[in-house]
Amino acid sequence: MRGVIVLAMLLLAACDMLPRDPAGTSNRIAHKRTFTVALADPAIDAAPEVQRLVHEIERRTGAKAHWRSGAGEGLFQQLDDGTLDLVIGRFLAESPWAMDVAFGPPLSKTGTKAAPLELKAAMRNGENRWIMTVERASRAISQEAREE
Amino acid sequence: MSETSLPDELREPMARAVRLEYWNIFWTLTIIVTMGLVLGQSQTMKTAWIEDTLGLVPPVMFLIAAHMERHAHRSRRFPFGFERVNGLGFFVAAVALTAVGALLLYNALIALGAAEHASVGSIVILGQDIWLGWLMIAAQIYSLIPPLFIGRKELPLAQALNDKLLHTDALMNKANWLTGAAGLAGIIGLGLGWWWADSVAAAIISLDVLNDGIKALRSSTAELVDGAPRALSSTDLSEDAQSLCDRLKAEFPGATIRLRETGRLIRAEVHDTHPPAQCRHPRYYWPEGEDKAWRLAQVSFIPPVEGKRGN
C-alpha cells in the first residue's frame with residue numbers, strides 16, 4: 001500500500017514536471033517577472049476579456065505584462081523570434097497561421113457563420129508550458145474557453 | 001488436392017488464422033481511434049498513427065487472399081485457382097509499406113531540417129487541465145499491448161501455413177514495441193523541451209516502416225517473377241526448396257532442376273530427363289517427411305531435345 005502511495009506521489013510530481021519550454025519562455029518570465037504582450041488589433045482593447053486574461057496570467061505567473069505596439073503579421077514573426085510572448089486578437093476559427101503559432105482557446109466569438117472570428121491569444125510554437133499557462137488562464141476567465 | 005487452391009491439410013490452421021486476423025483488425029481499429037483522439041501537432045504521433053493504420057493492410061490483404069483460396073473454385077478462366085492471390089496481397093502490402101515509409105521519413109527529415117517546434121497544449125478532463133502529452137503517452141502504451149499478443153499467435157500459424165503475408169505481419173507486430181518505445185521517447189523528449197526529439201522519433205519509426213516494406217518488396221517481387229522459393233522471414237533461399245532441389249538432383253542425376261513458388265506452393269521443373277516409368281504423385285518427391293509435403297504441388301519433366309543437351 002505504501003508503495004502505491006509513493007508511486008502515485010512520484011507520478012503526480014512527474015505530471016507537474018512536464019511539459020517544459022524548448023526556448024525557456026516560462027523560466028525567463030518567472031526569473032524576470034515580466035512578459036511581453038501585444039494586440040493584433042488596437043480596437044480589441046475595449047473587449048473586457050483582454051484585460052481579464054492578461055491579469056489572470058499576471059496572477060498565475062507573478063509577472064507584470066509589458067505592453068508592446070505593433071500590428072498584423074509582424075507580431076507573429078516577433079512571436080516566432082521569441083521577442084514577444086503573447087499576441088491577443090480576433091482571428092479566423094480556421095486561421096491560416098494555425099501551424100505557425102499556437103492559439104489558445106477562444107475567449108469569445110463574433111463574425112458570421114461562414115467565417116467566425118475568435119478572440120484568442122497566440123503563443124510561440126512549441127513553448128508548451130507557456131502555452132498551457134495561457135490556456136489555463138483563458139479557461140479560468142471565459143466560459144467559452146472552458147466549453148471549447 | 002481440393003477443388004479450391006488450398007490443400008485440405010491447411011483448412012483448419014487457415015480457419016484459425018482467419019479468426020485471428022479479424023481480431024487483429026478489431027484491436028488495430030481500437031488503437032487507431034485511441035491514437036487519433038490525441039494526435040495533436042506531434043510529428044511522432046502522426047507517424048505512429050499512420051504506421052498503426054498501415055497495420056491494417058496485411059490482415060485485410062490476408063483475409064481477401066484467404067477467402068479466394070478457401071472458397072473460389074478452379075474454373076476454365078482460372079484453371080490454377082487462386083493460390084497466387086496471397087503473393088499479390090503480399091506485394092500490395094509491401095508497396096504500401098515502402099511508399100508510406102519513404103513519405104513519412106521525408107516528412108520527418110523536413111520537420112527536423114526546418115527545426116519545427118511541435119505545440120502540444122492541454123485539455124480539460126473532469127475539470128482538470130491535463131497536458132495532452134500525458135494522453136499521448138497513455139495512447140502509445142496502449143498501442144504496444146495488442147500487437148504483442150497477436151504477433152505471438154500469428155507466428156506459429158504463419159509457419160504452419162507457410163504464409164509470407166501472415167509472417168511479415170507477425171514480425172511487424174512483434175517488433176512493434178521498438179517503434180512504440182521510439183514514440184514514447186519522442187513524446188517524453190518533447191515534454192522535456194527537446195523539440196528535435198519529436199522529429200527524430202518520427203524518423204526512427206518511419207525508417208522501421210521503410211525497412212519492413214523493402215524486405216517484403218524484395219521477397220514478393222521474387223515470387224512474382226518466378227524466382228526460386230524464398231524463406232519466410234528473409235530474402236534468402238528457402239531451406240525446404242534447397243532440400244527438395246537436392247532430392248530431385250539425387251533422383252534424376254544430370255537433370256537441371258528449376259523451382260518456383262506460387263503462393264505457399266512450390267512447382268518444380270526437371271529439365272533434360274524423361275519422366276520415371278511408374279506414376280508418382282508430386283508429394284513423393286518431398287524430402288522431409290509428410291508434414292509439409294502439400295507444398296509440392298507439381299513436378300514436370302522436360303525431356304532433352306534430340307541431339308542436344310542443356311537448356
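Predicted model, so just to flag it, every value in this text is computed and none were measured. Below, chain A is the first sequence line, B the second, and so on; all start at residue 1.
- Within a 6.0 Å sphere centred on CD of A:E94, heavy atoms belonging to other residues, nucleotides or ligands number 12 at most.
- Applying the 6.0 Å contact sphere to CH2 of B:W49 captures no more than 12 heavy atoms from other residues, nucleotides or ligands.
- Few gaps surround OH on B:Y142; more than 12 heavy atoms of other groups in view lie less than 6.0 Å from it.
- Comparing A:P105, A:G104, A:P19 by heavy-atom pairs within less than 4.5 Å of chain B, the highest count is held by A:P19.
- A:R139 and B:I123 get closest at one heavy-atom pair: NH2-CA, 3.9 Å.
- Rounded to the nearest 0.5 Å, atoms CE (A:M99) and CD (B:Q41) are 4.5 Å apart.
- Taking CG from B:L132 and CD1 from A:I131, the interatomic distance works out to 11.5 Å, rounded to the nearest 0.5 Å.
- Interface residues of residues 21-37 of chain A toward chain B, defined by a heavy-atom distance below 4.5 Å and sorted by number: A:D21, A:P22.
- The two residues A:N128 and B:V120 make their nearest non-hydrogen contact at OD1-N, 2.7 Å.
- Between A:E135 and B:D129, the closest side-chain pair of non-hydrogen atoms is not below 4.5 Å.
- We find the CG-CD distance between A:D100 and B:E116 to be 9.0 Å, quoted to the nearest 0.5 Å.
- The closest side-chain heavy-atom distance from B:S119 to A:M123 is not below 4.5 Å.
- The candidate with the highest count of non-hydrogen atom pairs below 4.5 Å against chain A, out of B:V124, B:L192, B:D198, B:I188, is B:L192.
- Residues of residues 210-218 of chain B placed with any heavy atom under 4.5 Å of a heavy atom in chain A are absent; none qualify.
- Residue contact with chain A, scored on non-hydrogen atoms closer than 4.5 Å, is absent for B:W194.
- For A:A140, no part lies near chain B; criterion is any non-hydrogen pair under 4.5 Å.
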